[in-house]
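What follows is a short report on a single structure.
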Amino acid sequence: MSDPRLLYLNETVQKFGVFKANSPFAILGIPMDITSSFRPGSRFAPQKIRHVSQFIEFLSIRSGVDMSEIGFQDYGDVILHPSDVEENVERISQVVSYISDQGKIVVSIGGEHTVTVGTVIGARADCVLSFDAHLDLRDEYMGYKYDHACVQRRLSERGVKIMEIGNRAMGRDEIEYAKASNVPFITSHEVKLLGPREVAMRAINFLKPCNRIYITYDMDAIDPAYAPGVATPEPEGLDPSTVLDIMNLVVDRRVVGFDVVEVSPSYDPSEITSVLGAKLILETAAKLKTKLP
Ligand SMILES: [Mn+2]
């Protein structure tokens with residue numbers, strides 16, 4: 001009596017952290033890197049981040065929550081078409097909507113950023129807070145509408161409210177679209193000047209009318225010195241503590257899902273980018289846990 005939305009789910013993978021079926025947090029791997037333009041390989045990130053998750057401490061000092069007690073229900077990986085990105089966005093949204101319907105907070109591990117179009121739709125989020133070096137607001141990239149450079153544009157066009165943080169790589173057309181369509185963004189330079197508390201206050205203000213909030217961490221938001229293993233590295237990024245400080249002030253019980261995307265393990269021989277990915281998941285889940293009823 002399996003739900004048809006689970007047709008494209010491979011459960012036979014290593015699990016993230018400590019597996020607990022009654023955890024409020026679901027893990028979903030989405031190993032897609034079809035449109036990566038520079039350094040492909042993010043399809044290997046779900047298995048790599050799960051692997052390194054076995055070797056880090058799960059007690060969050062920031063939030064006082066021991067995530068080894070809460071655990072994660074790891075559903076496995078979405079089974080993806082080898083080349084059809086739109087088909088994959090549909091498969092991803094189906095699987096995520098199933099997991100979301102179980103009352104779980106869906107924690108996705110990409111994969112390229114394009115997967116977030118599917119996860120946001122599947123989680124029925126009305127607002128997205130995106131950490132990213134890039135605005136991802138292009139109408140198309142290399143002739144394709146479903147591409148890692150067009151993620152927030154596709155979501156914005158569907159009426160999802162978007163706010164972006166840590167950006168420093170963008171085209172004039174993207175800035176114009178952001179202004180015309182009310183997509184506020186705070187560049188990495190502005191984050192440095194304002195400080196995490198002021199950035200968080202602006203995000204909290206933006207998120208006030210939202211019902212279902214989704215957070216996406218494109219790992220390239222973080223400076224390549226801390227996160228070298230990404231598909232499109234961009235200098236002058238955020239430092240990890242700043243991202244976590246902002247997250248710590250912003251998350252509340254309206255968060256229905258979040259993801260870590262764009263880690264490219266082949267370019268991460270030290271594995272520090274994957275460890276940071278696991279840490280972002282752990283800390284965000286731990287803080288969220290303090291907000292759950
Ligand atoms: Mn990016």
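Whatever order the structure lists them in is the order used to number ligands and atoms, beginning at 1.
- The Mn ion (ligand 1) does not have D136 among its coordinating residues (no N/O/S atom, backbone or side chain, under 2.8 Å).
- A cation-pi arrangement, defined by a distance under 6.0 Å to the six-membered ring centre and an angle within 45 degrees of its axis, is present between R39 and Y267.
- Using the six-membered ring where Trp is involved, F72 and F25 have ring planes that are tilted, between 30° and 60° apart.
- Geometrically, R50 does not engage F16 in a cation-pi contact defined by less than 6.0 Å to the ring centre and at most 45° from the axis.
- In D220, the N, O or S atom that comes nearest to the Mn ion (ligand 1) is OD2.
- In this structure a side-chain-to-backbone donor-acceptor pair under 3.5 Å is present from R168 to E236.
- Among the backbone and side-chain atoms of D218, an N/O/S atom is found under 2.8 Å from the Mn ion (ligand 1).
- Checking D132 against the Mn ion (ligand 1), an N/O/S atom falls under the 2.8 Å cut-off.
- A salt bridge links R154 to E157: at least one charged side-chain nitrogen sits closer than 4.0 Å to a carboxylate oxygen.
- Using a cut-off of 2.8 Å, one finds that H134 contributes an N/O/S atom close to the Mn ion (ligand 1).
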